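Take a look at the structure set out below.
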Amino acid sequence: MKDNFAKGIATCLTLAMILGNLPEVSSVMAETGAPATEAVTPDTSSGGAVNTDKPTATPTETATVTPTVTPTVTPTATVTPDMSAYRLPATTLKARGGASRVRLSWSKASGAEGYYIYSRTAADAAYTLMATVKDAAATEYTKTSLVNGTTYYYRIAAYRTVNGVVVEGDLSTAVSATPVSVSATSKTAKKYSTKAKFKASPAYKTYKKTKAAMNYNKSFAIPGMKTTNAGGFACTTMVPQGMCLAGSYFLISAYDYKKEDSSVIYVVSRASKSYITTIVLPSKAKVGGLAFDGTNVWVSKGKAVASFPYSVVTDAVNAGTSYSVLNSYRNVCAIDSTASYMGYYNGVLWIGSFSQSTSTMKGYRLSNTQTLPSLVPAYTMSVPSKTQGITFSSDGTMILTRSYRTKKAKSGYISQIRTYRPSFAQANGSGKVLKNTALKKMKLPPMSEGVAIYGTYTYVLFSSSYYKSCKYPVDRVLALKTNKLIE
């Protein structure tokens with residue numbers, strides 16, 4: 001019975017398909033086994049078969065929503081400008097070892113704002129930044145607290161700012177220096193160690209009038225001519241220049257002929273004529289002139305003169321050290337010519353320039369000597385050519401030295417001392433002071449420099465011991481009887 005029922009159902013289905021009353025089943029879905037979908041109920045509203053070409057009803061309209069598009073913002077990359085074109089070229093660096101210190105010096109880089117200094121030792125793997133020098137005009141730097149005997153290596157680079165960017169220049173070639181111990185400034189004479197040796201010297205035997213006026217026991221060795229401890233560096237090229245009497249001391253100025261070390265002032269006891277200590281000055285100027293106004297010491301500095309209080313000298317002596325460093329002058333006064341020599345008398349500082357011909361020395365009245373000294377031009381005085389040093393006695397007697405060349409055979413050679421009595425009280429309306437006629441002239445050994453009066457003696461300094469070309473060197477400050485220079 002079941003078989004007959006099934007057969008009936010199949011027959012009905014077949015008949016329905018023939019008559020178009022049932023939809024055709026997709027063979028694709030059957031073959032692929034796709035999941036069954038919702039049954040499609042044929043639309044019979046028209047009373048006809050299903051239209052498979054187009055829908056029989058208009059579908060409900062669905063609103064189309066346009067999505068809001070958020071724009072994607074690509075971050076702007078930070079571009080580092082190429083500053084290589086602004087790099088300053090490498091400068092030339094030098095290094096010099098001193099007592100637990102090294103001094104670096106370099107050629108100034110045009111356009112630099114400052115310098116980066118790098119250092120290392122042999123034990124270090126790489127250079128590290130040791131110091132930043134922010135002074136564009138600087139050409140030196142001293143590193144202290146180093147270990148004697150250890151070699152240090154250095155490089156330097158100039159830097160500048162371009163459009164807000166700091167541009168470091170090329171590094172210099174590496175240099176090295178080794179700190180070493182430095183001996184004290186020499187006290188003994190450079191060439192003639194004894195009285196007998198000095199009296200056997202060519203200068204003593206040749207210049208008879210100098211010999212006759214000289215008192216050997218009051219003369220004394222020029223300090224520092226063998227070696228000078230110039231702020232922790234050993235200098236063997238100091239050249240003595242100026243001299244003056246200041247309170248209880250003779251002061252002698254000297255400069256480094258090689259321009260490596262700072263200029264100095266040697267302090268010598270007025271009573272014992274023995275060297276005490278050295279004052280290291282804050283420049284490398286030639287310091288040809290040196291004077292004392294009773295309150296301040298004056299030092300020549302090119303086309304300027306600088307001062308510092310006398311207390312600097314006494315403090316240096318009381319310190320009991322080999323040297324004292326003067327970091328800055330109390331003040332610096334510009335003048336209209338090079339200050340080659342100086343002398344002080346009765347409130348006036350006389351300053352002159354070395355000249356191959358007759359020249360004019362100018363007198364400046366001093367003011368504010370207790371606070372900030374200043375110079376007021378007041379007088380003029382003609383002086384002989386090739387003047388090197390001047391000094392005044394308490395009565396206004398003026399003694400000056402003249403010197404040029406180390407050999408008599410050289411053109412323009414001269415070395416002598418002259419004495420005058422200027423007419424200070426008779427200065428005319430323009431301030432001109434007549435020096436009058438020389439009271440006496442006397443030949444001296446070559447290269448006479450600074451001069452000072454103390455008691456009945458005139459002390460004359462010489463720079464000849466430095467020059468190998470000089471056949472008549474004098475390595476002492478000679479004490480000459482003043483009356484021998486006037487009569």
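For this chain, numbers begin at 1 and follow the sequence in order. The model shown is predicted, which means the values in this text are computed figures rather than measured ones.
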Minimum heavy-atom distance between [X] and [Y], given as atom pair plus value:
X: Val451; Y: Ile399; answer: CG1-O, 3.9 Å
X: Gly97; Y: Ala177; answer: N-CB, 3.9 Å
X: Ala285; Y: Tyr255; answer: O-CB, 3.4 Å
X: Ala234; Y: Asp261; answer: O-OD2, 4.2 Å

So that I know where these two stand, are [X] and [Y] an aromatic pair - ring centroids less than 6.0 Å apart?
X: Trp106; Y: Tyr115; result: yes
X: Tyr345; Y: Phe392; result: yes
X: Tyr341; Y: Phe354; result: no
X: Tyr192; Y: Tyr204; result: no
X: Phe292; Y: Tyr310; result: yes
X: Tyr127; Y: Tyr153; result: no

Salt bridge check, Asp170 against Arg87: does any charged N sit closer than 4.0 Å to a carboxylate O?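 Here Arg87 pairs with Asp170 in a salt bridge, since their nearest N and O are under 4.0 Å apart.
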
Less than 4.0 angstrom from a charged side-chain N to a carboxylate O is my criterion; do Glu140 and Arg96 meet it?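 Looking at Arg96 together with Glu140, the answer is no, because their closest N to O distance does not fall below 4.0 Å.
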
Does a sphere of radius 6.0 Å around [atom1] in [X] hold more than 12 heavy atoms from other residues, nucleotides or ligands, not counting ones at 6.0 Å or beyond?
X: Lys443; atom1: NZ; answer: no
X: Lys303; atom1: NZ; answer: no
X: Lys386; atom1: NZ; answer: yes
X: Lys481; atom1: NZ; answer: no

Identify whether NZ of Lys or CZ of Arg in Arg103 sits under 6.0 Å from the centre of the six-membered ring of Phe233 and within 45° of that ring's axis.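 Verdict for Phe233: a cation-pi partner in Arg103.
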
Quick one: is the NZ or CZ of Lys407 closer than 6.0 Å to the six-membered ring centre of Tyr467, and within 45° of its axis?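 Here Lys407 fails the 6.0 Å and 45° test against Tyr467.
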
For side-chain hydrogen bond (donor to acceptor under 3.5 Å, both in side chains), just list the numbers for Ser353 and Ser337, CA-CA rounded to whole Å, side-chain angles, deciding distance to a tenth of an Å, and then say yes or no. CA-CA 7 Å; Ser353 298; Ser337 59; 3.2 Å; yes

If you apply the rule side-chain hydrogen bond (donor to acceptor under 3.5 Å, both in side chains), what do you find for Asn229 with Thr185, and how did you get there? CA-CA 5 Å; Asn229 188 336; Thr185 297; 6.0 Å; no

Euclidean distance, [Y] [atom2] relative to [X] [atom1], rounded to 0.5 Å:
X: Ile453; Y: Ser394; atom1: CD1; atom2: OG; value: 8.0 Å
X: Lys441; Y: Thr419; atom1: NZ; atom2: OG1; value: 11.5 Å
X: Leu326; Y: Ser283; atom1: CG; atom2: OG; value: 9.5 Å
X: Thr151; Y: Leu146; atom1: OG1; atom2: CG; value: 11.0 Å
X: Leu461; Y: Met243; atom1: CG; atom2: CE; value: 5.5 Å
X: Tyr266; Y: Ser253; atom1: OH; atom2: OG; value: 9.5 Å

With no hydrogens and no angle check, do the side chains of [X] and [Y] hold a donor and an acceptor under 3.5 Å apart?
X: Tyr379; Y: Arg365; value: yes
X: Arg402; Y: Ser385; value: yes
X: Ser469; Y: Thr406; value: yes
X: Arg476; Y: Tyr216; value: yes
X: Asp293; Y: Thr369; value: no
X: Ser181; Y: Asn148; value: no
X: Thr482; Y: Thr456; value: no
X: Ser367; Y: Ser374; value: yes

Report the C-alpha separation of Tyr257 and Tyr466 in whole Å, then their side-chain angles, then the decisive distance to 0.1 Å, and conclude whether the ring-ring contact (aromatic ring centres under 6.0 Å, His included) test is met. CA-CA 10 Å; Tyr257 188 82; Tyr466 175 77; 5.2 Å; yes

Contact check, side chains of [X] and [Y], non-hydrogen atoms, under 4.5 Å:
X: Val313; Y: Tyr249; answer: yes
X: Thr139; Y: Ser105; answer: no
X: Tyr364; Y: Ile335; answer: yes
X: Gln416; Y: Leu444; answer: no
X: Met442; Y: Leu485; answer: yes
X: Asn327; Y: Val325; answer: yes
X: Arg270; Y: Leu245; answer: yes
X: Thr278; Y: Val267; answer: no

Which residue, Thr132, Leu93, Leu104, forms the side-chain contact (heavy atoms from CB on, under 4.5 Å) with Ile117?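 So, applying the side-chain contact (heavy atoms from CB on, under 4.5 Å) to Ile117 and each of Thr132, Leu93, Leu104, only Leu104 qualifies.
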
For side-chain contact (heavy atoms from CB on, under 4.5 Å), just list the numbers for Thr237 and Thr228, CA-CA rounded to whole Å, side-chain angles, deciding distance to a tenth of an Å, and then say yes or no. CA-CA 8 Å; Thr237 51; Thr228 296; over 6 Å; no

Going through the distances and angles, do Thr227 and Ser183 end up as a side-chain contact (heavy atoms from CB on, under 4.5 Å)? CA-CA 8 Å; Thr227 183; Ser183 59; 4.0 Å; yes

N/O donor-acceptor pair under 3.5 Å between [X] side chain and [Y] backbone:
X: Ser340; Y: Gly288; answer: no
X: Arg418; Y: Lys440; answer: no
X: Thr277; Y: Ser322; answer: yes

Contacts of Lys187 that satisfy side chain to side chain contact (heavy atoms under 4.5 Å, CB included) - sequence neighbours left out: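 Checked Lys187 against side chain to side chain contact (heavy atoms under 4.5 Å, CB included); matches are Tyr275.
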
Parallel, tilted or perpendicular for Tyr118 and Tyr116, by the 30°/60° rule? perpendicular

Going by atom type alone, with no hydrogens or angles, which donor-acceptor pairs under 3.5 Å involve a side-chain atom of residues 217-226 and a protein atom two or more places apart or on another chain?
unit_1, atom_1, unit_2, atom_2, d
Ser219, OG, Asn215, O, 2.9
Ser219, OG, Ala479, N, 3.0
Lys226, NZ, Thr188, OG1, 2.9

